[in-house]
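Everything on this sheet refers to the single structure shown next.
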Amino acid sequence: MNPLPFPVPKDLAEAARIQKEMRERVIVAGDPVPVRYVAGLDASHPTRFSRQQGLSVAVAVLWDRQEQRVVEVAQAVLDAEKLFPYVPGFLSFREAPSYLAAVARLSRPPELLLVDGQGIAHPRGLGIAAHLGVHLDLPAIGVAKSLLYGKPQGQLPAEAGSAIPLLDRWGQPMGYIYRSRTGVQPLYVSPGHRVGLVESLEFVRSLPTKVRLPEPLRIAHIEAGKARRRSAEG
DNA sequence: GCGACAG
DNA sequence: ATCTTGTCGC
């Protein structure tokens, strides 16, 4: 089963047009509570500058919620720099193609994508999690480590598990700022596709979190870094 | 025109 | 995102 081709725009204007079109197909509703197999997606890139030039590595970690463990790790090596530059608000055009390749290499399709980046908490409502979700027609949730767009509603408490809404330009909630553990920087959680607003937060809360990131993403991050350095040598 | 700005 | 060991602090 080959995924549909992922269009890479020639410039930012075309990219924005694609985002606006695809945003209309996003469904912010659905409850992933029964989902068993989750794909945690993260990528590692070489520094433009320093000694090793290397390539980028994207990793898909297949997480079994029932057994609470990783059951498979798939990766894709790619030259992200040649695809598209990193421009805030347009991350998916740089990273999504490699995620699609990694997901395609899993022995079974995941039931939900957990992506390192925004869902609909995005200037045009289509962060990378939403983009991937719509492209693959899979439930998806975005978990970012910093803010791209939006205003917090109130002050986030210090307690683990606390969350406050993240508001769009019209004051409507599009996600949450979420403190997964006490004493750590918060996460930015928003629905990507086929998941409700509240449900996106509840799902992330249901995942084991030993440190800051939920396990599927923490492990994907580690695996991506290891794989990239590994492929940057022998 | 001035900030803000996922990875 | 990445360059990087030890070290400060709860």
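Chain naming here is simple, since letters A, B, ... match the order of the sequence lines and numbering starts at 1 in each. Note: hydrogens, waters and symmetry copies are ignored here, and every other heavy atom, side chains too, is used.
As a whole-Å value, the separation of A:Arg228 CZ from C:dT4 C1' is 13 Å. Nucleotide C:dA1 holds its P atom 15 Å from the CG atom of A:Leu41, rounded to whole Å. B:dG3 atom P lies 15 Å from atom NZ of A:Lys151, rounded to whole Å. Between A:Leu217 atom CG and B:dA6 atom P the separation is 17 Å, expressed in whole Å. C:dA1 atom P lies 13 Å from atom CD of A:Gln118, rounded to whole Å. Put simply, CG on A:Leu148 is 6 Å from P on B:dA6, counting in whole angstrom units. The separation between A:Asp116 atom CG and B:dA6 atom C1' is 8 Å, rounded to whole Å. Rounded to whole Å, atom P of B:dA6 lies 13 Å from atom CG of A:Leu166.
In this structure, A:Gly89 reaches the bases: a heavy-atom distance under 4.0 Å links it to at least one base atom across the strands shown. Nucleic acid contact class of A:His221 (heavy atoms, under 4.0 Å, all strands): sugar-phosphate only. Note on A:Phe90: a base of the nucleic acid sits closer than 4.0 angstrom, heavy atoms only. In this structure, A:Ser56 reaches neither bases nor backbone, as no heavy-atom distance under 4.0 Å exists between it and the strands shown. Within 4.0 Å (heavy atoms only), A:Ile128 reaches at least one base atom of the nucleic acid.
The aromatic ring centroids of A:Phe6 and A:His131 lie less than 6.0 Å from each other.
No side-chain heavy atom of A:Leu132 sits less than 4.5 Å from a side-chain heavy atom of A:Ser92. Within the 4.5 Å cutoff, no side-chain heavy atoms of A:Val59 are placed close to those of A:Asp42.
Residue A:Thr47 places no side-chain N or O under 4.0 Å from the OP1 or OP2 atom of C:dA1. In terms of phosphate contacts, A:Tyr149 brings no side-chain nitrogen or oxygen within less than 4.0 Å of OP1 or OP2 of B:dA6.
Side chains of A:Arg65 and A:Ser206: a donor on one and an acceptor on the other come within 3.5 Å.
Checked by atom type and distance alone, the side chain of A:Asp168 pairs as donor or acceptor with a backbone atom of A:Gln172 at under 3.5 Å.
Closest approach to the A:Lys145 side chain among B:dA6, C:dC3, B:dG7 is made by B:dG7 (side chain taken as heavy atoms from C-beta onward).
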